Protein chains: 2
Amino acid sequence: MIKLRDLEYLTAIEQHKHFGKAAQACFVSQPTLSGQLMKLEQQLGLQLVERHRRNVMLTPAGEELVKEARNVLQAAGQFESRAKALLDPFAGDLHLGLIPTLAPYLLPHIMADLNTTLPNINFFLHENQTKVLLQQLDEGKLDVLILPYLAEMEKFESYQLFDEPLMLATPKNHPLANKKILSLSDLQGEKILTLADGHCLKDQAMGYCFAAGAKEDNSFQATSLETLRHMVASGMGITLLPALATQGNVASDTIHYGEFQAPAPVRGISLVIRPNYSRMQCVRAIVASVRKSLSGIIS
Amino acid sequence: MIKLRDLEYLTAIEQHKHFGKAAQACFVSQPTLSGQLMKLEQQLGLQLVERHRRNVMLTPAGEELVKEARNVLQAAGQFESRAKALLDPFAGDLHLGLIPTLAPYLLPHIMADLNTTLPNINFFLHENQTKVLLQQLDEGKLDVLILPYLAEMEKFESYQLFDEPLMLATPKNHPLANKKILSLSDLQGEKILTLADGHCLKDQAMGYCFAAGAKEDNSFQATSLETLRHMVASGMGITLLPALATQGNVASDTIHYGEFQAPAPVRGISLVIRPNYSRMQCVRAIVASVRKSLSGIIS
DNA sequence: CTTAATCATAGCTAAAGCCTATCAATTAAT
DNA sequence: ATTAATTGATAGGCTTTAGCTATGATTAAG
């Protein structure tokens, strides 16, 4: 296998037409350069340099190969400079995955600060259900997930970001809308509107509801939180909504969002990465940024 | 300095996503590839590979650098294949220098065989006076000279090709034209037409003439052999012409070419190269070819 | 004839690449 | 659940090689 150093020696010879000066330019001794060049010639099986006391000159083959050598060295230089450019741990593309019940309500709160603290990161946002996100994370298509932590994620590495309370969404005229102090047990006997299968929010919310003695309203399954919200607004039932989705006074004239007393149902939002993920500095910065952004919004 | 082998390891990892298989593809052991790749990462200061038991994947930086690495390796491959193509010692360009008093008369005899025996050599023909040719040979602008050997060429390497006799060119009606047996001493008292200064033929011919007691005709100096020949044809004098220039019956109706008896004046035509010239096989082939071509023409 | 310049040679050292053997962690299977 | 197999990392040792200094040989120049 050819060696880059030898190509440097060859081009130096071409440049200086003098072994001593060429060696000096390569920061090696003259015998070293002489020897390596001879080895190169031997390896290639052809003479590259005509050696005369007063006048070193390249053979035609040498001239030809110097051109090729310069190409190789230039490519190698580009490799190194590209590597140097990639050295900045806070630069490059980063693919962030979020679930649909979180993305539209969380992103407005966090993107501004993320773009400020990591100005050289290009964020690509991917919205998908948990199962898909985990698959894509594992495959390397995604770098970072932000979603409710589940036990099945233990093979990954995760950082707790914040606990998002689940609020009770009821029509304004619903009996529970007036209850000052709300507890899960108040749900006993209620029928709860739910999201479609596959949304982890459904599983989580219904987990709390079942435990409290509520039932799923099987007559309907919403495919998005907004659909769910509109169903509540039109008086078709009640449901649990994550706190971030209740902010901004959306439909606040027709829907009442009730807060449960402790222990309130929550979903623990975490940042999830592959173990050994290469850009830990970046991850730490994201964790810090998101926690900071959320600190004023969710206790 | 980056090493090409490391780039091969990197691209192999990218291809196989598996250390063992990548190592096998590179014909090294798995620990070797692992270690070298780690060293490369350390050297660049950035992680290129995410290592998982089931699933090796490249980091974004790794993906970027694999592209660069392939560029480098491709350039290196081109270097090697170019070197291989240059291996043929009987191929490539060859710059041949000849003097004006030889080139037009010799080349027709030798080029056919040269092109046959060295079909992959491109001959470039350069016509100049000896001094210029030697200078250009020394500078590497020329590869091979064919000219009369002079003592000042001893710093070069030379191969005797043939001895070219000098003939006496006289007008048909000149007294010496009828002499059957011609010797140098017959020139005593004659005035000899000569070439311009700088042509080595002048020095050689006049050397013989002076020794024989002839004189230079200072009233005129020809700038080419053809001019000289025409001057003889028009009866302006006599001169010595190299044998090859007298062949083909040029102006044979007005000029008589007389052959000297032994020891006849000759010029020894040699092939001259730099010592250590790289294409000796080629040179030997040329020497053999020229000798062969001339064998039937000049004893 | 001597001096200076220049490339090659000799002998040595230190580093680097590579190997085998083994470990540790994970996955798959009995 | 325990065992077997897979896979990348680690340890230790061997061999090659790139590099050095010192010196030699040859040529050009004063």
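Quick caveat, the model's predicted, so the values are computed rather than measured. Within every chain, numbering begins at 1; the chains are lettered A, B, ... in the order of the sequence lines, protein sequences first and strands thereafter.
B:Gln43 places its CD atom 16 Å from the P atom of C:dA15, with the value rounded to the nearest Å. Between the NZ atom of A:Lys39 and the P atom of D:dT17 there is a distance of 6 Å, given to the nearest Å. Straight-line distance from the NE2 atom of B:His52 to the C1' atom of C:dA25: 13 Å, rounded to whole Å. Rounding to whole angstrom units, CG of residue A:Leu33 and P of C:dT9 are separated by 14 Å. If you take CD of B:Glu41 and C1' of D:dA9, they are 13 Å apart, rounded to a whole angstrom. If you take CD of B:Gln36 and P of C:dA16, they are 10 Å apart, rounded to a whole angstrom. When the P atom of D:dT27 is taken as reference, atom CZ of B:Arg274 falls 16 Å away, rounded to whole Å. For the pair A:Gln30 CD and D:dG24 P, the computed distance is 15 Å after rounding to whole Å.
Across every non-hydrogen atom of B:Met280 and B:Glu157, the tightest pair is CE-OE2, 3.9 Å.
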Can you check nucleotides 11-14 of chain D for protein contacts, nitrogen or oxygen pairs under 3.5 Å, and list what you find?
none

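Side-chain contact, B:Gln74 with B:Gln78: no donor N or O sits under 3.5 Å from an acceptor N or O. A side-chain donor from one of A:Thr101 and A:Arg267 sits under 3.5 Å from a side-chain acceptor of the other. Under 3.5 Å, the side chains of B:Ser34 and B:Gln30 contain a donor-acceptor pair of N or O atoms.
In this structure, A:Ser29 and B:Gly35 both approach DNA chain D, and ranking their closest nucleotides by distance from the 5' end singles out B:Gly35. Ranked by how close their nearest DNA chain C nucleotide is to the 5' end, B:Thr32 and A:Lys155 are led by B:Thr32.
Distance check: A:Asp163 CG to A:Tyr149 OH gives 13.5 Å after rounding to the nearest 0.5 Å.
For A:Arg51 and C:dA8, the shortest distance from a side-chain N or O to OP1 or OP2 is below 4.0 Å. A sub-4.0 Å separation between OP1 or OP2 of D:dG8 and a side-chain N or O of B:Ser34 is absent.
For A:Lys17, the NZ atom sits in a packed shell: over 12 heavy atoms of surrounding residues, nucleotides or ligands are nearer than 6.0 Å. Counted within 6.0 Å of CD on A:Glu50, heavy atoms from surrounding residues, nucleotides or ligands total more than 12; the atom is thus considered enclosed.
Taking the six-membered ring where the residue is Trp, A:His95 and A:Phe124 present parallel rings, their angle staying beneath 30° rather than reaching 60°.
Salt bridge B:Arg274/B:Asp138: absent, no basic N to carboxylate O contact under 4.0 Å.
Across residues 4-21 of chain A, A:His18, A:Phe19, A:Gly20 each have a non-hydrogen atom less than 4.0 Å from an atom of DNA chain C (numbered order).
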